[in-house]
Amino acid sequence: MARARLLLVEDDAALAELLIWHFEREDFTVEHTADGEEALMLAREQPHDLVLLDWMIEGGISGIEVCRRLRRLPDTANVPIIMLTARGEEEDRVRGLETGADDYVTKPFSPRELVARVGAVLRRVRPALAGERLAYADIEMDTVAHKVRRGGDSVPLGPTEFRLLRHFLEHPGRVFSRERLLDSVWGREADIEPRTVDVHIRRLRKAINDGGRSDIIRTVRSAGYALDEEAA
């Protein structure tokens, strides 16, 4: 499997070092710069599979302007961009997405969640680079062999529970309503009641929590479910 190449544009040295460590541990190749002008030069000189771009980089041009220019360049127009920012207001999120970002991660964030979200974007746009393995906390999934392990132990799952867990692993930390899960896991044409989701969530919980393991699936009252290691 080819290693995915990331361009990290982040002027917080400590955060950049942390992210580089996490992504290289997952077999990514990471090129880093703290400067917007240099980011544009690097993006033109060497093809990257995804750009992690800080909105608030100091000096020179802003991250949002880097995003805008990358979208105008023929060689980078289709490269996925994930914005990293402390600006969490809806207006800012909309502005970032309208400028051309594919996803938006608000600081502070979990590096492991960011790795998972990068993997999800790559699976959509570059399946060959995304790999066959999904992981979060102590759960690992081989999507090709259809095998799941937790803490190194095999976890037997039915087809529906496997698809449900895969969806959660692709979007760790996010809360999904029953209706949204029905649409994503079962499909729009499925004639299934929303409460059916609860049944499969219980089955999934029973399987991955076997042996007294902590419950990693969080129930959010009146909202839905999320895969969240803090729920344990």
Side-chain angles (χ1 to χ4, degrees), residues 1-71 73 75-76 79-89 92-93 96-97 99-126 129-131 133-140 169-174 216 227-230 232:
M1 180 185 72
R3 297 181 69 181
R5 291 184 57 87
L6 302 186
L7 175 58
L8 172 62
V9 188
E10 171 60 64
D11 61 358
D12 182 327
L15 177 58
E17 183 178 356
L18 178 65
L19 293 179
I20 290 170
W21 184 84
H22 274 274
F23 278 103
E24 288 185 343
R25 189 179 67 166
E26 295 298 323
D27 208 30
F28 287 82
T29 297
V30 183
E31 192 164 18
H32 169 243
T33 178
D35 180 79
E37 292 286 359
E38 185 179 20
L40 291 170
M41 179 188 70
L42 293 172
R44 289 192 296 265
E45 290 180 348
Q46 175 68 50
H48 295 84
D49 298 296
L50 187 140
V51 178
L52 289 174
L53 178 60
D54 182 16
W55 182 312
M56 303 293 287
I57 48 180
E58 296 288 339
I61 60 176
S62 67
I64 199 77
E65 180 60 24
V66 171
C67 181
R68 184 177 290 112
R69 294 189 191 183
L70 288 174
R71 285 291 171 252
L73 295 170
D75 291 341
T76 58
V79 176
I81 299 172
I82 296 180
M83 300 290 294
L84 309 176
T85 179
R87 305 168 69 112
E89 293 79 8
D92 293 321
R93 293 198 302 272
L97 294 171
T99 302
D102 295 272
D103 203 353
Y104 191 101
V105 180
T106 303
K107 299 177 181 178
F109 53 80
S110 160
R112 284 196 290 181
E113 178 183 351
L114 180 59
V115 171
R117 291 174 75 164
V118 165
V121 171
L122 288 176
R123 276 189 293 280
R124 292 197 298 268
V125 299
R126 306 278 176 87
L129 289 167
R133 177 178 171 272
L134 295 174
Y136 180 74
D138 60 348
I139 298 176
E140 297 181 5
L169 286 170
E170 289 175 345
H171 308 89
R174 293 192 183 184
I216 201 171
L227 186 68
D228 186 352
E229 62 181 328
E230 294 184 3

For the student: nearest non-hydrogen atoms of Pro111 and His22, plus distance: CB-CD2, 3.5 Å
Non-hydrogen atoms of Gly63 and Leu53 that approach each other most closely: O-CD2, 3.1 Å
Qualifying residues under side-chain hydrogen bond (donor to acceptor under 3.5 Å, both in side chains), relative to Glu38, sequence neighbours excluded: Thr33
Heavy-atom pair with the smallest gap, counting every atom of Ala137 and Glu229: CB-OE1, 3.8 Å
Beyond-backbone contact of Ile64 with Met83, side-chain heavy atoms, under 4.5 angstrom: yes
From CH2 (Trp55) to CD (Glu65), nearest 0.5 Å: 12.0 Å
Stepwise side chain to side chain contact (heavy atoms under 4.5 Å, CB included) check, Leu114 with Leu52: CA-CA 10 Å; Leu114 180 59; Leu52 289 174; 4.1 Å; yes
Atom of Pro80, atom of Val121 and distance for their closest heavy-atom approach: CB-CG1, 3.5 Å
Non-neighbouring partners of Asp12 that pass side-chain hydrogen bond (donor to acceptor under 3.5 Å, both in side chains), sequence neighbours left out: none
By side-chain contact (heavy atoms from CB on, under 4.5 Å) - contacts of Arg174 (at least two apart): Asp103, Arg117, His171, Phe176
pair Phe28-Val118: side-chain heavy atoms closer than 4.5 Å: yes
Test item: Ile81 and Arg71 side chains (from C-beta on) under 4.5 Å apart, heavy atoms: yes
N/O donor-acceptor pair under 3.5 Å between Thr76 side chain and Val79 backbone: no
Heavy-atom pair with the smallest gap, counting every atom of Asp228 and Tyr136: CA-OH, 3.8 Å
Minimum-distance pair of heavy atoms, taken over all atoms of Leu7 and Ala39: CD2-O, 3.7 Å
side-chain contact (heavy atoms from CB on, under 4.5 Å) involving Glu37 - partner list, sequence neighbours excluded: Asp35, Leu40, Ile61, Arg69
Residues forming a side-chain contact (heavy atoms from CB on, under 4.5 Å) with Ala34, sequence neighbours excluded: Asp11
Ser110: side-chain contact (heavy atoms from CB on, under 4.5 Å) partners, not counting sequence neighbours: Arg112, Glu113
Nearest-0.5 Å distance that lies between atom CD in Gln46 and atom CZ in Arg5: 4.0 Å
Inter-residue atom distance Leu42.CG - Glu31.CD, 0.5 Å rounding: 4.5 Å
Check: Val9 main-chain N/O paired with Asp54 side-chain donor or acceptor under 3.5 Å: no
From CG (Leu8) to CD1 (Ile20), nearest 0.5 Å: 5.5 Å
Reported OG1-to-NZ distance for the pair Thr85 and Lys107, which is rounded to 0.5 angstrom: 7.0 Å
